[in-house]
Chemist: 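The following block contains the structure, expressed as C-alpha cells.
Note on naming: letters A, B, ... go to the chains in the order of the sequence lines (proteins, then strands), and numbering restarts at 1 for each one.
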Protein chains: 2
Amino acid sequence: MLTDAPPNGARSGQPAAGARRATITNVAEALGVSKGTVSRALNGYPDISDRTRQRVRQAAERMGYLPSAQAKAIRTGRVGAIGLVLQVGEPDAQRPFLADFLAGLTTAASAENCSLTIATAQDDSETRAALSRLIAERKADGFILPRTRLVDPRIDLLRAAGVPFVLFGRTGDPTGCAWFDLLGEDAMDEAVRRLHALGHRRIGYLGGGVGLAYNALRLAGYRRALASLGLPQAPALETHGGTTMETGAAGAARLMAQPDPPTALVCATDMGALGAHRWACEAGLTIGRDLSLIGYDGVPEGEWVAPPLTTFEVDNRAAGARLAALLLRRIRGEPAEALRETARARLCPRGSDGPPALDPTALARRLEFTAQGHHDTKGGRP
Amino acid sequence: MLTDAPPNGARSGQPAAGARRATITNVAEALGVSKGTVSRALNGYPDISDRTRQRVRQAAERMGYLPSAQAKAIRTGRVGAIGLVLQVGEPDAQRPFLADFLAGLTTAASAENCSLTIATAQDDSETRAALSRLIAERKADGFILPRTRLVDPRIDLLRAAGVPFVLFGRTGDPTGCAWFDLLGEDAMDEAVRRLHALGHRRIGYLGGGVGLAYNALRLAGYRRALASLGLPQAPALETHGGTTMETGAAGAARLMAQPDPPTALVCATDMGALGAHRWACEAGLTIGRDLSLIGYDGVPEGEWVAPPLTTFEVDNRAAGARLAALLLRRIRGEPAEALRETARARLCPRGSDGPPALDPTALARRLEFTAQGHHDTKGGRP
DNA sequence: CCTCTTGCCGAAACCGGTTTCGGTGCGAAC
DNA sequence: GTTCGCACCGAAACCGGTTTCGGCAAGAGG
C-alpha cells in the first residue's frame with residue numbers, strides 16, 4: 001500500500017523514508033546559514049555575496065527544494081494563482097474552445113510561476129458565490145472573467161473587493177477594467193461587406209446572447225456596415241438570442257417569415273448559424289444560393305455540415321495567453337486602463353455563402369410554396 | 001483607479017477602507033477570546049461550550065470571516081485543492097468532454113471545500129514536470145490522472161512522491177492505485193453482440209491510442225465477444241491508432257482492403273469511427289447497409305454526420321464527480337484498494353449500423369469496382 | 001474540608017516562508 | 001590609531017492559521 005499520509009511523520013529528526021519535501025530550514029541547516037540568507041539568496045536580494053548565492057542555489061537544486069506556495073502566500077499576500085469561474089450548464093457554454101483556452105491561460109501563467117485555480121457554477125448567483133469564496137479563502141490573486149455582460153455583477157463584486165481582474169470581452173461601464181477582446185464588430189462588418197460584394201442587398205442579423213457584451217458590439221458592427229454601404233436597416237432584419245441550434249433555427253424562421261426576407265444572414269455565433277443552417281435545409285433552401293450564412297466562432301461542427309459554414313475563426317489559445325499576461329501585470333499593480341488589448345478574428349471562407357440565386361420576393365414565394373406542403377424532407381423523392 | 005494592491009496597508013489599526021479580509025485575530029479580538037478558541041470553535045472541537053461556539057460562529061458570519069486556505073495549509077499540510085494536468089496538443093485530446101468533466105470535478109470537490117488547480121502540458125515530459133512542480137510547491141493535495149497508459153510514468157512519479165492520486169482509467173500495474181473507469185470492454189462486447197444480432201459475421205476492430213489502457217481493455221472486450229459468439233478472430237480484422245479522423249480513415253482503408261473485409265467495424269473512439277465514416281462515404285459505401293459502424297465516446301460530431309453515428313455515450317460529468325469524491329477519500333487516508341469504481345457507458349443507437357446488405361466477398365468486389373475509377377464523388381452525377 | 005475529575009479556555013509553540021533590524025568584520029580615510 | 005562606511009549575514013518578528021499544554025473553576029466523591 002502507499003504510505004498513507006504521514007500526518008506528523010516519523011518523530012525522528014531525519015525525514016528519511018517519509019519522502020517529505022525539503023523546507024527552507026533544511027537547506028539552511030545543510031549549509032550552516034540562516035533561513036533569511038537562503039530566502040534572500042534565492043529571491044535575488046542584492047545584499048548576498050555571489051559566493052553564498054551560488055552555494056545556496058546549488059544546495060536548493062540538489063535537495064529538490066522549491067518554496068511552498070502557501071507559506072510564501074501567507075507573508076506576501078500572493079498565492080501565485082489566477083482564478084477562473086466557468087459558468088457551465090449555459091446553452092452556449094464554451095465547449096470546444098475550453099481546452100485551447102485553458103492551455104493558453106496555463107502556459108502563459110506558468111511562465112511566471114503561476115497556476116490556475118478554477119471553479120464552476122450553474123448560474124449567476126452561483127458564480128458570484130464561487131468568486132466570493134475563492135477571494136475569501138485567498139485561492140487566487142486575480143480573476144479572468146469570461147463572457148462579459150453589458151452590466152455585469154461580477155465586476156461590481158471584484159471592484160468592491162479590490163481584487164484585480166481582466167475581462168474577456170468588454171462591458172458597459174469600463175471604469176477600472178482591464179480587458180482582452182476580439183473585435184467582433186469588425187468581423188460582422190467584414191461579413192456584411194463580403195455579402196454585399198457577392199450581390200446581397202437585404203442582409204439580416206441573427207444575434208447572440210441577450211445582455212452579453214459581444215452581442216451588442218457585433219450588432220453595432222453589422223449596422224455600421226449596412227449604413228456605410230447604404231443598405232436597408234430594419235428591426236425586422238434583426239433577431240437575438242440565437243446561441244443554440246434550437247434558438248438559431250427559431251430566429252432564422254422568424255426572420256425569413258416576411259414578404260421580403262433577407263437573402264443572407266450574418267450570425268453572431270456559429271451555433272446559431274448552424275441552427276439556421278438546419279432550418280434552411282428543412283425548409284428546402286439551398287444554402288449558399290437561396291440563403292447565405294456567415295457565422296462566428298469557428299466551432300468544429302461548422303466543418304461537418306454541408307455545405308460547410310463560412311465563419312470567423314478565433315484563436316482561443318492566444319486569447320487565453322494574452323488574458324493571463326494582462327492579469328499578471330494587473331496583479332503587479334499596473335493601472336487597468338493601460339491593460340486593454342484587442343485582436344481580430346480571421347475570416348474562414350467555406351461553402352455557406354455565395355451569390356444570391358433569388359431576390360427577396362422570389363425567396364418569400366419559394367418559402368411559402370414549400371410551407372404549403374410541397375416539402376421534400378427526409379422521405380426520399382417519391 | 002482601483003485601489004492598487006496595498007502591500008502593507010494603511011498603518012492605522014482600523015483596516016476601514018482597505019477592504020482587507022477579516023483574519024482570525026480580528027474575530028478573536030472582537031469577541032475578547034483567544035485565536036485558539038476561535039479556531040477550535042469553528043472546526044468543531046469538542047472542548048468548546050455551545051454558547052461560545054454560537055458566539056464565534058455568529059461573529060465570523062457577521063464579519064465575513066473565512067480562514068485563509070494558505071495559512072491553514074501551512075500547518076495542516078492540506079491545501080484544499082485537487083490537481084489535474086491536462087495533456088493538450090494530443091490528437092485525441094478531451095475536447096468536448098472537458099467542460100462537463102471539469103464541472104463534475106469542481107462541484108464534487110467544492111462540496112467538501114476543495115478547489116481545483118489545473119496545469120497543461122504538451123507532451124509526457126512536460127506533464128511530469130508540471131506534476132513535480134505542483135507537488136513541490138504544494139499546490140494540490142492529490143491528483144487526478146486522466147488517460148491512463150498501460151505503463152504510466154506519472155503513476156511512478158506520484159507513488160515515489162507519496163502523493164495521493166486517482167486514475168481515470170485502469171493501468172498495467174494497479175498496485176496502490178485507486179481508480180474510476182468506464183467498462184469499455186463491456187461496451188465493445190455489447191457492440192459486437194448487437195452487430196451479430198443484426199446478421200454480421202465478420203466484424204473488425206478499429207482500435208484507439210496505442211499504449212493507452214482503454215484500448216487494451218476495449219480490444220479484450222471485442223475479442224471476448226467474438227470468442228463467445230464463435231465468430232472468426234484474426235489479426236487482419238484488427239487495427240490500432242485510430243484516434244483522429246485521418247488515422248481512423250487510414251485504419252478503415254487498411255481493414256477493408258482484403259479479399260473478405262469485415263461488414264462492420266467496432267470502433268474504440270468516435271473520432272476514429274468518424275474517419276472511417278468519411279472514408280466509407282468517399283469509397284461509395286452506404287453506411288448502415290454496406291458497412292456498419294459503432295463508435296464510443298458520444299462526441300457531438302457523431303450526430304452531425306449522415307447517417308448519425310451509433311455510439312456509446314459517456315457521462316463525463318458524473319465521471320468527474322466520482323473521481324473527485326474518490327480522491328478526497330484517498331487524501332483522507334483510505335486505502336487505494338478500497339477506492340476502485342467502474343461504470344457503464346450507455347448505448348446510443350443511431351443510424352450507422354444495420355443489417356449487412358452484402359457478404360464480405362461481394363463487399364470486396366464492390367470496393368474494387370469503385371477503386372478502379374467508377375467513383376461517384378462530390379462531382380455530382382454526370 | 002480536601003482531592004480528583006471534568007469542562008472550558010488562554011498562552012504559546014509551531015508550520016514555512018519573508019522581511020526588518022541590527023551587528024560583525026574589513027578596508028579606506030583622516 | 002581611531003572612525004567611518006560598506007558588504008554581508010544572523011536573529012527575530014511576522015503572516016494567519018492549528019494544535020499542544022497547562023491552568024482555572026466548578027462539581028463530584030470521600
Chemist: Mapping B/Arg53 and B/Arg75 to their closest nucleotides on DNA chain C, which lands nearer the 5' end?
Modeler: B/Arg53

Chemist: What's the CG-P distance between A/Asp47 and D/dG5, to the nearest Å?
Modeler: 19 Å

Chemist: Could you please spell out the steps behind the side chain to side chain contact (heavy atoms under 4.5 Å, CB included) verdict for B/Arg317 and B/Thr107?
Modeler: CA-CA 10 Å; B/Arg317 180 165 187 146; B/Thr107 52; 3.8 Å; yes

Chemist: Using a distance-only criterion (donor-acceptor N/O pair, under 3.5 Å, no hydrogens), is the base of C/dG16 paired with the side chain of B/Arg138?
Modeler: no

Chemist: In whole angstrom, what separates B/Glu137's CD from C/dG16's C1'?
Modeler: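 In whole Å, C/dG16 C1' and B/Glu137 CD are 14 Å from each other.
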
Chemist: State, with a plain yes or no, whether a side-chain heavy atom of B/Ser132 is found less than 4.5 Å away from one of B/Leu157.
Modeler: yes

Chemist: Tell me which one of B/Leu134, B/Leu323, B/Ile118, B/Thr117 satisfies side-chain contact (heavy atoms from CB on, under 4.5 Å) with B/Leu84.
Modeler: B/Ile118

Chemist: Map A/Asp50 and A/Gly36 onto DNA chain D by nearest heavy atom, then report which one ends up closer to the 5' terminus.
Modeler: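 The answer here is A/Asp50.
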
Chemist: Do B/Arg40 side-chain and D/dT20 base share a donor-acceptor contact under 3.5 Å?
Modeler: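 A donor-acceptor contact between them is present.
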
Chemist: Does C/dT18 have OP1 or OP2 under 4.0 Å away from a side-chain N or O of A/Lys72?
Modeler: yes

Chemist: Could you say whether A/Ser39 or B/Ala71 is positioned toward the 5' end of DNA chain C, judged by the nucleotide with the nearest heavy atom to each?
Modeler: B/Ala71

Chemist: Tell me: OH of A/Tyr45 to P of D/dG10, nearest whole Å?
Modeler: 16 Å

Chemist: Please state whether the rings of A/Phe168 and A/Phe180 are parallel, tilted or perpendicular, taking 30° and 60° as the class boundaries.
Modeler: tilted

Chemist: Over how many whole Å does the gap from B/Arg55 atom CZ to C/dC8 atom P extend?
Modeler: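 Going from CZ in B/Arg55 over to P in C/dC8 covers 14 Å.
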
Chemist: Nearest to the side chain of B/Lys35, which nucleotide is it out of C/dG16, D/dG17, C/dG17?
Modeler: D/dG17

Chemist: Starting at CG of B/Leu42 and ending at P of D/dG16, how long is that distance when rounded to a whole Å?
Modeler: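 Answer to the nearest Å: 16 Å.
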
Chemist: Verify the contact: side-chain N or O of A/Thr52 to OP1 or OP2 of D/dC8, cut-off strictly under 4.0 Å; return yes or no.
Modeler: no

Chemist: Would you mind classifying the nucleic acid contact of B/Ser49 as base, sugar-phosphate or nothing, using non-hydrogen atoms under 4.0 angstrom?
Modeler: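 Result for B/Ser49 = sugar-phosphate.
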
Chemist: From CG of A/Leu66 over to P of C/dT18, roughly how many Å is that when rounded to an integer?
Modeler: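 After rounding, the gap between these two atoms is 11 Å.
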
Chemist: Indicate, with a heavy-atom threshold strictly under 4.0 Å, whether A/Val38 touches base, sugar-phosphate, or nothing.
Modeler: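 It contacts nothing in the nucleic acid.
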
Chemist: Among A/Arg147, A/Arg154, A/Arg149, exactly one meets salt bridge (charged side-chain N to carboxylate O under 4.0 Å, His left out) together with A/Asp124. Which residue is that?
Modeler: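 Looking at A/Arg147, A/Arg154, A/Arg149, the match for A/Asp124 under the salt bridge (charged side-chain N to carboxylate O under 4.0 Å, His left out) is A/Arg149.
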
Chemist: Nearest 0.5 Å, what's the CG-CD1 distance between B/Asp141 and B/Ile135?
Modeler: 11.5 Å

Chemist: Would one find a side-chain N or O of B/Tyr65 under 4.0 angstrom from OP1 or OP2 of D/dG17?
Modeler: yes

Chemist: Send over the distance from B/Glu29 CD to D/dG16 P, rounded to a whole Å.
Modeler: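 It is 11 Å, rounded to the nearest whole Å.
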
Chemist: Look at the side-chain N and O atoms of B/Thr37 and state whether any lies under 4.0 Å from the OP1 or OP2 oxygen of C/dG10.
Modeler: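 Yes, such a contact exists.
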
Chemist: How is A/Thr23 classified with respect to the nucleic acid when contacts are heavy atoms under 4.0 Å: base, sugar-phosphate, or nothing?
Modeler: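 Sugar-phosphate only.
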
Chemist: Taking atom P of C/dG17 as reference, at what distance in whole Å does atom CD of B/Gln70 sit?
Modeler: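 My rounded result for the distance is 14 Å.
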
Chemist: Output the single nucleotide from D/dC9, D/dG10, D/dT18 whose closest atom is nearest the side chain of A/Ile48.
Modeler: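 Closest nucleotide among those given: D/dC9.
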
Chemist: Looking at D/dG10, I'd like to know if its phosphate oxygens (OP1 or OP2) sit under 4.0 Å from a side-chain N or O belonging to A/Ser34.
Modeler: yes

